[in-house]
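Have a look at the structure below before the remarks.
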Number of protein chains: 2
Amino acid sequence: MAKVDPSLVAHLPLFAGFTNDELEEILREAHSSRHPKNSAVFAQGEDAHSFFLLLHGHVRAAKTTPTGEQIVVRYVAPGETFGLAMAIGLTQYPATATAVDDSVVLAWPTGAWPRLVERFPPLATNTLQTVGTRLQESHTRVLEMSTQQVEQRVAHALLRLAKQSGKKLDHGIEIDFPISRQDIAQMTGTTLHTVSRILSGWESQGLVESGRQRIILREPHKIVVLAEQSANGER
Amino acid sequence: MAKVDPSLVAHLPLFAGFTNDELEEILREAHSSRHPKNSAVFAQGEDAHSFFLLLHGHVRAAKTTPTGEQIVVRYVAPGETFGLAMAIGLTQYPATATAVDDSVVLAWPTGAWPRLVERFPPLATNTLQTVGTRLQESHTRVLEMSTQQVEQRVAHALLRLAKQSGKKLDHGIEIDFPISRQDIAQMTGTTLHTVSRILSGWESQGLVESGRQRIILREPHKIVVLAEQSANGER
DNA sequence: CCGGCAATTTGCGTTAGCGCAAAACTGGCC
DNA sequence: GGCCAGTTTTGCGCTAACGCAAATTGCCGG
């Protein structure tokens, strides 16, 4: 539970427009904690005791149906907030958050939110922007699922992951955390089998290089082309 | 551009916690306008000059792809806000809003938002809740599209519409605005043909009664059963 | 009351992608 | 160094739903 240096987080959207002193005051209410790879930060349905800011690592937010099917809502990258249940009026987490890599998160108790917002109104507007952006992204996802075929959706998903969490190598862009075929299937609304077939295909064309929970985009530009080609008819 | 009576809107989520005087001050900045059936309130890509509150009628928000395919993002019911582009940091509308019935909307100029929020901070937190709720709904939609088959998705969509804008009749619940098979297809990620087949089927079983842009749920409970039956395997 | 257009229905062939099953592979761990 | 569990690959048959086409219906305007 070491102290967090305000200058490390000052540039984040959440804290846009705050002075260092204000930041310090806000950070005083939070505590940081480590989450080893594959451990849950919180579980769907659990009481929303805290909201979080990811400092290091990567976290997967996933939603499960009563019958056990899952979808990946998103991958959280360092600097992003998650578990904002209370800000949007929920008392329980609507999804499960799992560290996919050893991660460090900063957590504020849910109860601190109203006080913080009252004292620092920009927190609300900044959060509104963040949530709004996520709403846009979710709508885009619906649009893609409605109008594109699986191969294009997978292409888009990988390109987004590369953009968000890509590590530049000289021979391509690597997605910087462990991700399985199953995960990608759950991001794109398909099955791990289909994802596997698609990636095998791409691999034999030299578009990607992939292995166990590991994907490198070797020809990002060609994947962009794949993503954008409109298969065929209207809807 | 008649004046709006504060007491008419005081109960809306957007205005939770405001006094009548405050409300009047807020309403002073808005003007109302009529939109005849099938006219656009604003178009996707257009500059976000205003944000809106629907007073009467029904508005469809739809998103179009570069290639012309559309999805219905949502139907706006009276009392709901829409076109909140600026609040979430956009300068252009991300969707097209069309009145599906003769409608009356209240519009604030985009430029008034920062000032209003500064003067009335609860506006931001109320809007945050609204946008958060929509985010949840969108995630639910993604979940359904990923895990359910078309018939169940259509069932869910109709039940939601009935809940939001259903008019109780003695022989069922009627969706209270004109809605085509095409519209339902665009809400559920399928084609108008498939929707038509499904509704025909239901009609012959007496579950619904439907006609041109008109749907009555005759056996809501049986449709709930349809919606919930998990067709088969996991994903 | 009629003409015309938009919405709806329905048939039929096609197919993208699922579901199941089995085999092959990979890494981590003891 | 070898075993084991989780991940990935691949074959094969199947079907839900699409796509196209044509007929039908219902509504609105003149």
Side-chain angles (χ1 to χ4, degrees), chain A residues 36-38 60 67-70 98 100-102 144-155 175 177-186 188-205 208-216 226 229-235, chain B residues 36-38 60 67-70 98 100-102 144-155 175 177-186 188-205 208-216 226 229-235:
Chain A
K37 185 170 167 171
N38 292 327
R60 180 186 54 224
T67 50
E69 296 103 334
Q70 277 203 342
T98 310
V100 295
D101 251 349
D102 291 343
E144 286 181 5
M145 289 187 62
S146 298
T147 61
Q148 303 184 331
Q149 21 204 127
V150 173
E151 186 171 24
Q152 278 133 46
R153 303 206 300 264
V154 172
I175 292 170
F177 54 85
I179 184 166
S180 69
R181 307 289 185 263
Q182 175 76 271
D183 293 322
I184 295 169
Q186 292 175 346
T188 52
T190 181
T191 63
L192 78 163
H193 304 278
T194 298
V195 171
S196 179
R197 283 180 243 270
I198 288 171
L199 287 185
S200 305
W202 290 356
E203 184 131 28
S204 65
Q205 295 169 58
V208 302
E209 178 187 331
S210 76
R212 209 189 176 74
Q213 313 208 91
R214 195 178 57 81
I215 299 177
I216 298 171
L226 270 183
Q229 81 188 193
S230 76
N232 40 7
E234 316 288 284
R235 183 168 283 179
Chain B
K37 185 168 169 174
N38 292 326
R60 178 185 58 224
T67 50
E69 295 102 335
Q70 277 203 342
T98 310
V100 295
D101 252 349
D102 291 343
E144 286 181 5
M145 289 186 62
S146 297
T147 60
Q148 303 184 329
Q149 22 204 123
V150 173
E151 186 171 22
Q152 278 132 46
R153 302 207 301 267
V154 171
I175 292 171
F177 54 85
I179 185 166
S180 70
R181 307 291 185 264
Q182 175 76 272
D183 293 322
I184 295 170
Q186 292 175 346
T188 52
T190 182
T191 63
L192 80 162
H193 305 277
T194 298
V195 172
S196 179
R197 282 181 243 270
I198 289 171
L199 288 185
S200 304
W202 290 356
E203 183 130 28
S204 66
Q205 294 170 60
V208 301
E209 178 187 329
S210 75
R212 209 188 176 78
Q213 313 209 89
R214 193 179 56 83
I215 299 176
I216 298 171
L226 270 183
Q229 81 189 192
S230 75
N232 41 6
E234 316 287 285
R235 181 167 287 180

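Please read all numbers here as calculations on a predicted model, not as lab measurements. To find a chain, count down the sequence lines: A is the first, B the second, and so on, and within it residues start at 1.
OP1 or OP2 of dC18(C) has at least one side-chain nitrogen or oxygen of Thr190(A) nearer than 4.0 Å. Between Thr191(B) and dC18(D), a side-chain N or O to OP1/OP2 separation shorter than 4.0 Å is present. Taking side-chain N and O atoms only, Gln182(A) has no distance below 4.0 Å to OP1 or OP2 of dT8(D).
Of the candidates dT9(C), dT8(D), dT8(C), the closest approach to any side-chain atom of Gln213(A) belongs to dT8(D).
Separating the CZ atom of Arg181(A) from the P atom of dC25(C) is a distance of 15 Å, rounded to the nearest angstrom. Following rounding to the nearest Å, Glu209(A) (CD) and dT8(D) (C1') show an atom-to-atom distance of 16 Å. Between the P atom of dT8(C) and the CD1 atom of Ile179(B) lies a distance of 10 Å, rounded to the nearest Å. One atom, CD of Gln186(A), and another, C1' of dT8(D), lie 15 Å apart when rounded to the nearest Å. The separation between Ile198(B) atom CD1 and dA16(D) atom P is 12 Å, rounded to whole Å. Rounded to a whole Å, the CD atom of Gln229(B) is 13 Å from the P atom of dA16(D). Atom CD of Gln148(B) is separated from atom P of dA16(D) by 16 Å (rounded to the nearest Å). Distance CD (Glu151(A)) to C1' (dC18(C)): 17 Å, rounded to an integer number of Å.
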Sequence-aligned protein contact record of nucleotides 10-15 of chain D, with B where the base is within under 4.0 Å of a protein heavy atom and S where only the sugar-phosphate is: BBB---
N/O-N/O pairs, protein side and nucleotides 26-29 of chain D side, under 3.5 Å:
from, atom 1, to, atom 2, distance (Å)
dG26(D), N2, Arg212(B), NH2, 3.2
dG26(D), N3, Arg212(B), NH1, 3.4

Working for side chain to side chain donor-acceptor pair (under 3.5 Å), residues Ser146(A) and Glu69(B): CA-CA 9 Å; Ser146(A) 298; Glu69(B) 295 102 335; over 6 Å; no
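Here the rule is side-chain hydrogen bond (donor to acceptor under 3.5 Å, both in side chains) with Arg60(B), and of Asn38(B), Asp183(B), Asp101(B) only Asp183(B) fits it.
Thr147(B) has its side chain out of reach of Gln186(A): every pair of non-hydrogen atoms, C-beta onward, lies at least 4.5 Å apart.
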